[in-house]
Number of protein chains: 2
Amino acid sequence: MRSAKLSLVLRHLRDHGPRSRARLATDLDLTRSAASALVAELSDLGLVRAAGIERGGLGRPGTSVELDGATVCGIGAELNVHHVAALALDLSGRVVAEHRLGIDAQQESVEQVLDRLVGLIRRTDDDVRAAGGYTVAATVGVAGLIDRPREVLTVAPNLRWRDVPVGAELRARLGAPYAVSIENEGNLAAIAEALPGDPNRQDILVIFGEVGVGGGIVAGGRLLRGHQGYAGEFGHMIVDPRGRRCGCGRVGCWETVSGLRALLDAAADPEDAVRDPALSLDDRLAELNRRADLGDTRTIAALDSVGSWVGIGSAMLTNALNPSAIVLSGYFAEIGRHMRPAIEEQLQAGVLAPHAGGTRVEFSTLGFTAAVRGGATVALDAVFDDPTVVALQRADALLGGAR
Amino acid sequence: MRSAKLSLVLRHLRDHGPRSRARLATDLDLTRSAASALVAELSDLGLVRAAGIERGGLGRPGTSVELDGATVCGIGAELNVHHVAALALDLSGRVVAEHRLGIDAQQESVEQVLDRLVGLIRRTDDDVRAAGGYTVAATVGVAGLIDRPREVLTVAPNLRWRDVPVGAELRARLGAPYAVSIENEGNLAAIAEALPGDPNRQDILVIFGEVGVGGGIVAGGRLLRGHQGYAGEFGHMIVDPRGRRCGCGRVGCWETVSGLRALLDAAADPEDAVRDPALSLDDRLAELNRRADLGDTRTIAALDSVGSWVGIGSAMLTNALNPSAIVLSGYFAEIGRHMRPAIEEQLQAGVLAPHAGGTRVEFSTLGFTAAVRGGATVALDAVFDDPTVVALQRADALLGGAR
DNA sequence: ACTCATTTGTTGAGATGCCGGACAAACTAG
DNA sequence: CTAGTTTGTCCGGCATCTCAACAAATGAGT
């Protein structure tokens, strides 16, 4: 009841930016007295602070209140085939710490990979503490199917892992005083794209492309996880039954025609440098962008073909979900501008609603940090859900310095 | 504030059935005093009543409290190509009144059809009043795309309507003291299948098949409407680009291979009685069921083929949404038992998650009343959201007898 | 049959938090 | 410099929740 009001105020400050107590009162339909009292309590918890004077209007200027980012942080981490990463975000959305490490999950044991990830999370937490803050929770994104109720990684074709209780393993290794949860990587990337407070980012479809294609659905500002947490596996929708065999064993999965490999195969001969896995992905995509800019016929045809498939799949999902935007992330964000016409053409053609239901095609600007940012956002949700938890957490963090 | 707690209690009684005040207190983490006070207030509002003594346990037996269905009703209505219908549900889910009228929307003017529907809603409301109750709200399901923010029927291929402000038209004609809202028919059918309190019916995918194929998505117990309210248009996902032309003008829409027409075309020659539109749909489907039971090769092959397509589309949506159940409604419910093997085969083959992510294939038992039931449920949501509204509504209903 | 433990529902006292109004503070407009 | 406006705080009143106590209704044990 009390925490619900505190949560309301805190979220409002996050979603709509700093503002005076009086403004909070009118926005949230409270009295000025109530707003003042709530702000005072949030201030005692170390979650908000004064942010300067609001000059310009008529009458006495208000003292603006903003989220206090200094102390409370959430950690997002990522466990992927070619890298592990961790990132800490404070309440105000600032990056406090960031670490990244290249690995080859297929060549290392499960234990080794988990140890590396735990090391990264520890270092991130250390950075947070060094900066005078503390960690409230950590959420780890994994490139595979996460059975949420059981907190088990069920299947990860690209990692080649099966039935690993990642949540319990990480908790045991970390022994941390903060909560640790796991989530599908694409789902976290989707959360990162659902910008709080932006009305055009409350019902979105995020499609994340690398070798595989995944993603997530945000509906009404909330992540759609499905019954067991398996929602968002767009890459394995079968769109071309007479097509190519997929890594998952099926034929014609969407990622076989819209994934990175499909693009590279269509755009270049096997000996071409853009198909050399030893070179950095950024460089190879930059080269394709250059060729497309110069008007290279084969490159443009490849981008058109892949773009059409991206559009066909997007149209199906748009008929089902009617999102306000489709956010293309991963390699699509790097090279998608050349695919846009083909994607939009298929979207117009394949969606029943006029003007494709108003769905816009957008490209992510978060790059490779989408998943870890989403993870940190989820971790911070604990605070926004119930701001009073930090009272306990803070005591824990100060007392239990040894872990 | 207070209404939030009242709402909590009322919903709990709906979702988990009658129970004592003490049980409510422990379930909802309240004190017994608070629970008593809340029940007393709900009782004053005429929403709950005593339901008998709970014998059997140790100690003093509790007096069970249940939803009082006698007074408060919600109306659901439906506007479809071949019929209009209306149904009133009381708080406890009992059908208080039901009316149905065959029409041919393509032969009549928009005004005529709306007048017929209004007449049906009026008669239903009269029945409610005759039974000593009153109507709190009405929700009308329409077979077409509803732009929710604007409350306009954007496009309805089967009705052949475009840009009709159905909400405003109905309100003007009814001049009713209760709220009137509109919604897509498939979405209402989906709500009707999401049984409150059943944990296996909180994340479901409802597919409704007649000539067209539509449906709705319930995620976390809440209807997924999308940005503009166009979500759930599964029938026009393009699944077979080399296939047949659809009524919407595109090629290969899912409903061209899984709709009723596809089944009838495959199962019988043009002169066969099962393809005679003059005969009742129920009789024709019964005949197909009979033939399949007798082992007729062509019928079984047709059901297998259509079932496979139903399964292929379901698998795509299951990858994206991970529902706990796919509820097949409309003509699928009548004849689906012969399709089940083909559907489940494609689901297993097309879903990445092991065992198809635990998604079960179920058949609706609501028949043609699904949409109107869903509409009445939505109408009653106003009461469950804020039980105090009935205090005003009741005064209105008693005073403003003339409308 | 009687007593005791157990559970229910109600009641009253106290605490908490919100609302409304009053008030001083701080600023703009003229 | 004054009048008007808006902000933030303080205080009495009200509603609501909690806590503790108590009577009522039952089963279990002797």
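Protein chains get the first letters and strands the later ones, always in sequence-line order, with residue 1 at the start of each.
- Between the CG atom of A:Leu42 and the P atom of C:dG17 there is a distance of 13 Å, rounded to whole Å.
- Rounded to whole Å, atom C1' of D:dT9 lies 14 Å from atom CG of A:Leu38.
- The heavy-atom pair separating A:Gly374 from A:Ile191 by the smallest distance is O-CG2, 4.1 Å.
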Go along nucleotides 4-12 of chain C 5' to 3' and tag each nucleotide: B for a protein heavy atom under 4.0 Å from its base, S when only backbone or sugar atoms are that close, - otherwise. --BBBBBB-

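- The interatomic distance linking B:Ile53 (CD1) with D:dG27 (C1') rounds to 16 Å, in whole Å.
- Per the geometry, CD belonging to B:Glu41 stands 13 Å off C1' belonging to D:dC17, to the nearest Å.
- Minimum heavy-atom separation, A:Gln202 to A:Leu195: NE2-O, 3.3 Å.
- A straight line from CZ of A:Arg2 to C1' of D:dT18 spans 17 Å, rounded to a whole angstrom.
- Partner of B:Pro387 under the side chain to side chain contact (heavy atoms under 4.5 Å, CB included) criterion, out of B:Leu38, B:Leu47, B:Leu91: B:Leu47 alone.
- Looking only at distances, a side-chain donor or acceptor of B:Asn322 sits under 3.5 Å from a matching main-chain atom of A:Gln228.
- The separation between B:Leu24 atom CG and D:dC17 atom P is 14 Å, rounded to whole Å.
- Among all heavy-atom pairs drawn from A:Ala190 and A:Val218, the shortest one is O-CG2, 3.7 Å.
- In this structure, B:Ser43 contributes its side chain and B:Val39 its backbone to no donor-acceptor pair below 3.5 Å.
- Between the CG atom of A:Leu30 and the P atom of D:dG8 there is a distance of 14 Å, rounded to whole Å.
- Protein atom CG of B:Asp29 is 15 Å distant from nucleotide atom C1' of D:dC19, rounded to whole Å.
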